[in-house]
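Atoms within each ligand, like the ligands themselves, are counted from 1 in listed order. When a residue number appears, it is its place in the shown sequence, counting from 1.
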Amino acid sequence: MKVGVLGGGLAGLTAAYELAKKGHEVLVFERAPYLGGQASTFEVEGTRLERYYHHIFTGDADMAKLIEELGLADRMQWLESKVGFFHRGQIYDFVTPMDLLRFKPLGLLQRIRAGLVTVYLQRFGDWRELENVTAQEWIRKYAGQQAEEVIFAPLLRAKFGEYSDQVTIAWLWSKFKDRVGSRSKGMTRELLGYMEGSFQPFIDALANGIAAHGGKILTGTPAERLTIEDQKVKSVTAGDVWPVDRVVATVPSFVFLEIAPDVPDDYAAQLREVSYQTAMCLVLKMKRSLSRIYWLNISDPSFPFVGAIEHTNLIPSEKYNGKHILYLSNYVSRSDPLYSASSEELFLRYLPSLRKINPEFEEDWVEEMWLYREDAAQPIITRGYSRRIPSYETPVEGLYLANTTQIYPQDRGMNYSVRLGRVVSELAAR
Ligand SMILES: Cc1cc2nc3c(=O)[nH]c(=O)nc-3n(C[C@H](O)[C@H](O)[C@H](O)COP(=O)(O)OP(=O)(O)OC[C@H]3O[C@@H](n4cnc5c(N)ncnc54)[C@H](O)[C@@H]3O)c2cc1C
């Protein structure tokens, strides 16, 4: 069978790899001149680095299995994370239950209450019973308003920006489960996984695996249009017209609707119901370190960014010739004035806040900077989301959709895109 795969991110590459292994004739169309999508990399100090900060959790079984199959298991490094909260001019460690108990911005009783609520949520069996309530309502009710404002709201803002008050508690439930899964037995530390030399070797190995099984990958080749006749997919137009028996689309839903305007109205309406937040990452290469923390949550609504992720506090800076790598992360909607800012403009906006984190910070610490923007970074997971998830099988025969809007209640991530790619490849191969 001839299968066109739209998108060369992890879902598309995994689907293509699985289909090629089964002997199908696979053709991957990727708009960008490189593969990897949101997990793609660029060069810094002679080594590869993700455009957006990336690590995996110890419970990411689908990723681990594929990494093993591709012969890359010995490149995985499991490193102790340093997570912190920045609140009112101070950095607080925030990895273990003891850290929460020591978290001074909340009174002792509030800390205990927040801890008990977190444990209760982690042990809660069925997310379906929770999904009709927002995280904000649920947390306010059980942990109290102050804990919600100081701890939980910043975590939600860090992913959903202005939509954070609409997010279902089922999402937070699953997020806590992932994080707890990555903790050591005594809960005294958290291990995060990163591949030696970035996740680029994983992307390369998938691409090589596709080619080794006769598949073809076209980068810099956006899919422009799908031809559908008698409710059956016939071809992909991408520069040329490519006849196909099946199409697996892993592009964001808004792109899918542009390429396939002829899908039946009901399905199209379902896709339109889910919107995305844009991620903006300003990556700084610095001669000094901003803080001792890898993942710094910002609990200060006056900050123009939501997280400061200092990659070189997870991976030693020696790997980057002694330079320090800092991602300043933001999630915005397209109407936000920050959305169209240049890297220099953003940096100037961020500068006073960087000085709040480290009063010694000087502009000349920064030797180079890059700005990356991803419009399909985060589907907005609102109440009752499970009822709005589009199916993998579209109403058009031979046409399948697999994108991050179908990942739920888990937080979208490489592990789940790999799973998505495998699951949709099984459907498309039937
Ligand atoms: C800021 C940020 C931080 C993240 N951190 C982590 C992390 O720490 N750990 C983790 O596991 N995950 C993380 N993720 C998430 C993870 O990277 C994604 O969930 C995963 O890579 C998505 O893969 P995908 O293939 O489903 O989608 P994508 O990577 O979005 O792939 C879709 C592909 O389709 C292509 N495309 C679009 N239009 C067309 C077209 N017309 N024709 C052909 N191709 C097209 C795109 O260029 C893209 O390559 C992060 C994501 C972001 C944005």
Side-chain angles (χ1 to χ4, degrees), residues 4-16 27-41 50-57 59-60 62-64 67 81 158-159 161 175 178-179 182 192-195 198-199 202-203 206 217-226 236-239 242 247-260 276-283 294-295 305-307 309 311 314 327-332 372-379 401-407 410-424:
V5 175
L6 315 187
L10 292 188
L13 290 177
T14 307
L27 196 53
V28 179
F29 301 93
E30 168 53 53
R31 179 180 59 186
Y34 48 80
L35 294 172
Q38 295 177 43
S40 62
T41 67
E50 288 67 29
R51 288 183 164 77
Y52 308 96
Y53 43 90
H54 271 76
H55 58 246
I56 58 172
F57 298 108
D60 283 348
D62 295 75
M63 253 319 252
I67 288 172
S81 79
K159 266 305 178 71
K175 186 85 189 151
D178 274 354
R179 291 310 287 236
S182 242
L192 299 177
Y194 190 71
M195 198 169 267
S198 84
F199 285 101
F202 176 65
I203 295 163
L206 274 173
I217 298 176
L218 302 171
T219 49
T221 310
E224 294 149 35
R225 189 74 184 223
L226 296 181
V236 178
T237 303
W242 306 81
V247 166
V248 172
T250 68
V251 297
S253 295
F254 54 86
V255 176
F256 180 83
L257 287 169
E258 281 167 22
I259 300 173
Y276 295 85
Q277 275 289 77
T278 298
M280 288 180 77
C281 253
L282 187 65
V283 192
Y294 164 58
W295 189 285
F305 53 88
V306 291
I309 296 106
H311 178 74
L314 186 69
Y327 293 96
L328 296 172
S329 156
N330 230 344
Y331 280 82
V332 298
Y372 296 110
R373 220 184 253 112
E374 169 56 55
D375 281 335
Q378 181 63 56
L401 177 74
N403 69 25
T404 53
T405 65
Q406 294 155 320
I407 297 169
Q410 297 85 4
D411 186 22
R412 59 91 179 105
M414 297 189 286
N415 184 62
Y416 299 103
S417 288
V418 163
R419 184 185 294 177
L420 205 58
R422 203 194 58 240
V423 168
V424 78

Subject >> N/O separation below 3.5 Å, Glu30 to ligand 1 >> reply: yes
**OP:** For ligand 1, find out whether one of its N or O atoms is nearer than 3.5 Å to an N or O atom of His54.
**Re:** yes
Original post:
Any idea which atoms of ligand 1 are less than 4.0 Å away from a heavy-atom of Leu10?
Top reply: 23 (O), 25 (O)
**OP:** Not counting sequence neighbours, which residues clear salt bridge (Lys or Arg N to Asp or Glu O under 4.0 Å) with Asp60? List them please.
**Re:** none
**OP:** Return the option from Glu50, Glu258, Met280, Arg31 holding the heavy atom at the smallest distance from atom 44 (N) of ligand 1.
**Re:** Arg31
Original post:
Can you find a heavy atom in the side chain of Ile407 that is under 4.5 Å from one in the side chain of Ser417?
Top reply: yes
Original post:
For ligand 1, which atoms sit closer than 4.0 Å to a heavy atom of His55?
Top reply: 7 (C), 8 (O), 9 (N), 10 (C), 11 (O)
**OP:** Could you say whether the N/O atoms of Glu374 and ligand 1 ever approach to under 3.5 Å?
**Re:** no
**OP:** Compare all side-chain heavy atoms of Asn403 with those of Phe256 and state whether any distance is below 4.5 angstrom.
**Re:** no
**OP:** With heavy atoms of Gly9 as the reference, note each atom of ligand 1 found under 4.0 Å away.
**Re:** 25 (O), 29 (O), 31 (O), 33 (C), 49 (O)
Original post:
Could you go step by step and tell me if Asn415 and Ile56 meet the side-chain contact (heavy atoms from CB on, under 4.5 Å) rule?
Top reply: CA-CA 8 Å; Asn415 184 62; Ile56 58 172; 5.9 Å; no
Original post:
What distance separates Arg225 CZ from Thr237 OG1, expressed to the nearest 0.5 Å?
Top reply: 8.0 Å
Original post:
Taking distance alone, with no angle check, do Ala279 and ligand 1 share an N/O pair under 3.5 Å?
Top reply: no
Subject >> Sole residue of Thr14, Val418, Ile67 in side chain to side chain contact (heavy atoms under 4.5 Å, CB included) with Asp62 >> reply: Val418
Subject >> Any side-chain heavy-atom pair of Thr404 and Tyr276 under 4.5 Å >> reply: yes
Subject >> Heavy atom of the protein closest to atom 39 (C) of ligand 1 (residue, atom name, distance) >> reply: Val251 CG1, 3.5 Å
**OP:** Check ligand 1 against Phe29 and write out every atom of the ligand that is under 4.0 Å from a heavy-atom position of the residue.
**Re:** 43 (C), 44 (N)
Original post:
Which heavy atom of the protein is the closest neighbour of atom 42 (N) of ligand 1, given with residue, atom name and distance?
Top reply: Ala223 N, 2.8 Å
Original post:
Atoms of ligand 1 less than 4.0 Å from Ile259 heavy atoms?
Top reply: 41 (N)
**OP:** For Met414, counting its heavy atoms only, list the atoms of ligand 1 lying under 4.0 Å from any of them.
**Re:** 10 (C), 11 (O), 12 (N), 16 (C)
Original post:
Considering only protein heavy atoms, which is closest to atom 15 (C) of ligand 1, and at what distance to one decimal place?
Top reply: Arg412 NH1, 3.6 Å
Original post:
Heavy atom under 4.0 Å from ligand 1: found in Ser417's side chain, backbone, both, or neither?
Top reply: side chain
**OP:** Heavy-atom distances under 4.0 Å are what count here, so tell me which part of Phe199 touches ligand 1: side chain, backbone, both or neither.
**Re:** neither
Original post:
Under 4.0 Å from ligand 1, counting heavy atoms only, is it the side chain of Leu35, its backbone, both or neither?
Top reply: neither
Subject >> Ser329 versus Tyr53, closest heavy-atom pair with distance >> reply: OG-OH, 3.0 Å
Original post:
Excluding sequence neighbours, so at least two apart, what forms side-chain hydrogen bond (donor to acceptor under 3.5 Å, both in side chains) with Thr41?
Top reply: Arg48, Gln200
Original post:
Met414 versus Tyr416: any side-chain heavy-atom pair under 4.5 Å?
Top reply: no
Original post:
Is ligand 1 under 4.0 Å from a heavy atom in the side chain of Tyr53, in the backbone, in both, or in neither?
Top reply: both
**OP:** Please determine, by modelled atom types, if Arg51 and Ser40 share a side-chain donor-acceptor pair under 3.5 angstrom.
**Re:** yes
Original post:
Counting heavy atoms only, which part of Thr250 comes closer than 4.0 Å to ligand 1: side chain, backbone, both or neither?
Top reply: backbone
**OP:** Measure the distance from atom 2 (C) of ligand 1 to every protein heavy atom, then report the residue, atom name and distance (to 0.1 Å) of the closest one.
**Re:** Tyr52 CB, 3.5 Å
Subject >> Nearest heavy atoms of Gly7 and Val28, plus distance in Å >> reply: O-CG1, 3.9 Å
Original post:
Which atoms from ligand 1 have a heavy atom of Gly37 less than 4.0 Å away?
Top reply: 29 (O), 48 (C), 49 (O)
**OP:** For residues His311 and Val283, determine if any side-chain heavy atom of one lies less than 4.5 Å from a side-chain heavy atom of the other.
**Re:** no
Original post:
Backbone or side chain, does any N or O of Gln38 fall under 3.5 Å from an N or O of ligand 1?
Top reply: yes
**OP:** Show which atoms of ligand 1 fall inside a sub-4.0 Å distance from at least one heavy-atom site of Tyr331.
**Re:** 1 (C), 2 (C)
Original post:
Out of Tyr372, Tyr194, Tyr327, which residue meets the side-chain hydrogen bond (donor to acceptor under 3.5 Å, both in side chains) rule with Glu50?
Top reply: Tyr194
Subject >> Shortest protein heavy-atom distance from atom 34 (O) of ligand 1, along with the residue and atom involved >> reply: Gly7 CA, 3.4 Å
